[in-house]
Asks: 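Please read through the structure below; I'll follow up with questions.
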Amino acid sequence: MTAQQTELRVLPSDLKRELLPRHVAVIMDGNGRWARHRGLPRIMGHKRGVDALKALLRTCDDWGIESLTAYAFSTENWKRPAEEVDFLMSLFQVVLRQELRDMMKENVRIKFAGNLKALPPSLQEEIQKAMEETQNNRGIQFTVATNYGGREEILSACRAIAQQVKDGLLEPDEIDEEVFERHLYTAGIEDPDLLIRTSGEMRISNFLLWQIAYTEIYVTDVFWPDFDRNQFHQALSSYQQRSRRFGKI
Ligand code: IPE
Ligand code: IPE
Ligand code: MG
């Protein structure tokens, strides 16, 4: 590794290690617009978006961030043209197969959050394999929200809890935040400290509705494929200026 490459791997000196977010979540938006601005088909934007995500995972790992969650496909994204949906599903599968070895080498623990049963069976197999193989890794926790919808997640938790009550395993009074969280797709993963959305849209688009109750939000106009280490540095600088009060004074 060259001296310059080594330097890129350390936390920039103006960022304070003790004030880093432990968990960063990203709404990777703007792939289509990135491509359109270049006169390219939308799928090229998605391909470049994968590169941006790989780079961010590496940066998070280098800089000591414990957990990264990326919104890859929402429950509403099925409403896109079939060719785009099909392309995305095969892209996820190809990338997952290609990257598994590197994720093992880099000790990444990958998890998928969402209604996975509705995904193509061959993708489900690849997902299961990746989650099983990496489950004992102790490096960064990498969560990919795929066929994820916050409302659907909350409803499916409600259904599972209602069933437990019906079966006499749980009293209604025992349903608290801890019980509820155990039934979310993100069970066992701490809430995000920082949520980044690219491409300027000031909305949540059904992402992590329960989990972002006290998350700091950062929106940048940059399209997702252009979101690089410098952009992430800016997001972290902004985060480090915030005063997180959690309702206190
Ligand atoms: C985000 O980019 C990727 C997915 C939703 C899968 P978009 O595809 O939404 O890009 P824009 O918003 O149309 O530019
Ligand atoms: C949110 O982006 C979903 C993902 C990034 C996977 P969208 O492009 O689907 O969101 P809207 O439609 O602009 O709200
Ligand atoms: Mg979009």
Side-chain angles (χ1 to χ4, degrees), residues 23-57 60 67-96 98-99 110-120 123-124 126-127 130 142-156 184-186 189 192 194-212 215-228 231-232 235:
H23 180 181
V24 174
V26 280
I27 301 177
M28 312 185 285
D29 198 17
N31 291 349
R33 277 163 283 175
W34 180 92
R36 183 158 50 83
H37 281 225
R38 284 165 179 73
L40 298 168
R42 290 177 57 86
I43 59 167
M44 287 307 292
H46 295 314
K47 277 191 176 176
R48 292 294 294 269
V50 170
D51 298 335
L53 179 58
K54 284 199 285 193
L56 179 64
L57 179 63
C60 284
S67 182
L68 173 69
T69 298
Y71 202 5
F73 193 88
S74 75
T75 47
E76 288 71 33
N77 288 148
W78 297 108
K79 295 174 196 157
R80 295 186 177 203
E83 312 87 76
E84 179 164 340
V85 170
D86 291 348
F87 176 82
L88 284 168
M89 293 300 148
S90 39
L91 181 69
F92 297 154
Q93 194 172 325
V94 168
V95 170
L96 198 50
Q98 273 170 4
E99 297 302 318
I110 193 169
K111 194 179 149 107
F112 286 79
N115 178 5
L116 306 179
K117 291 194 183 76
L119 296 171
L123 176 57
Q124 287 186 50
E126 215 69 54
I127 284 175
F142 178 39
T143 309
V144 188
T146 314
N147 193 19
Y148 175 89
R151 287 188 172 181
E152 191 193 63
E153 177 182 46
I154 289 169
L155 285 177
S156 84
L184 296 175
Y185 296 132
T186 54
I189 299 169
L194 171 64
L195 170 66
I196 298 170
R197 181 165 187 148
T198 55
S199 86
E201 243 69 69
M202 299 282 186
R203 56 176 172 256
I204 297 299
S205 301
N206 205 8
F207 192 39
L208 301 178
L209 298 182
W210 170 278
Q211 297 86 339
I212 60 169
T215 300
E216 294 297 325
I217 298 176
Y218 177 86
V219 176
T220 169
D221 285 337
V222 164
F223 295 136
W224 174 252
D226 288 330
F227 189 84
D228 60 11
Q231 302 296 331
F232 187 48

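Order of appearance sets the numbers: ligands from 1, and atoms from 1 within every ligand. Here, residue 1 is the first one in the sequence, and each next residue gets the next number.
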Asks: Assign the ring pair Trp78 / Phe73 to parallel, tilted or perpendicular, where the plane angle (0 to 90°) is split at 30° and 60°.
Replies: perpendicular
Asks: Side chains of Ser205 and Glu76: is there a donor and an acceptor less than 3.5 Å apart?
Replies: no
Asks: Check whether more than 12 heavy atoms from other residues, nucleotides or ligands sit under 6.0 Å from atom CZ of Arg151, and answer yes or no.
Replies: no
Asks: Please check if the side chain of Asn147 supplies one atom and the backbone of Asn115 the other of a donor-acceptor pair under 3.5 Å.
Replies: yes
Asks: Verify, without hydrogens or angle tests, whether Ser74 (side chain) and Asn77 (backbone) share a donor-acceptor contact under 3.5 angstrom.
Replies: yes
Asks: Any side-chain donor-acceptor pair under 3.5 Å between Gln93 and Gln124?
Replies: no
Asks: Short question: side chain of Asn206, backbone of Gly149 - any donor-acceptor pair under 3.5 Å?
Replies: no
Asks: Rounded to the nearest 0.5 Å, what separation is found between the CG atom of Leu56 and the CG atom of Asp228?
Replies: 10.0 Å
Asks: With a 4.0 Å cut-off, would you call Glu201 and Arg33 a salt bridge?
Replies: yes
Asks: Taking the Mg ion (ligand 3) as the center, what protein N, O or S atoms are found at less than 2.8 Å?
Replies: Asp29 OD1
Asks: Show me which atoms of ligand 1 lie under 4.0 Å from any heavy atom of His46.
Replies: 3 (C), 8 (O)
Asks: Does any N or O in the side chain of Arg197 come within less than 3.5 Å of the main-chain N or O of Arg203, such that one atom is a donor and the other an acceptor?
Replies: yes
Asks: Taking any residue with a non-hydrogen atom under 4.0 angstrom from an atom of ligand 2, which ones do you get?
Replies: Ile27, Met28, Asp29, Tyr71, Ala72, Phe73, Asn77, Arg80, Arg197, Arg203, Ser205
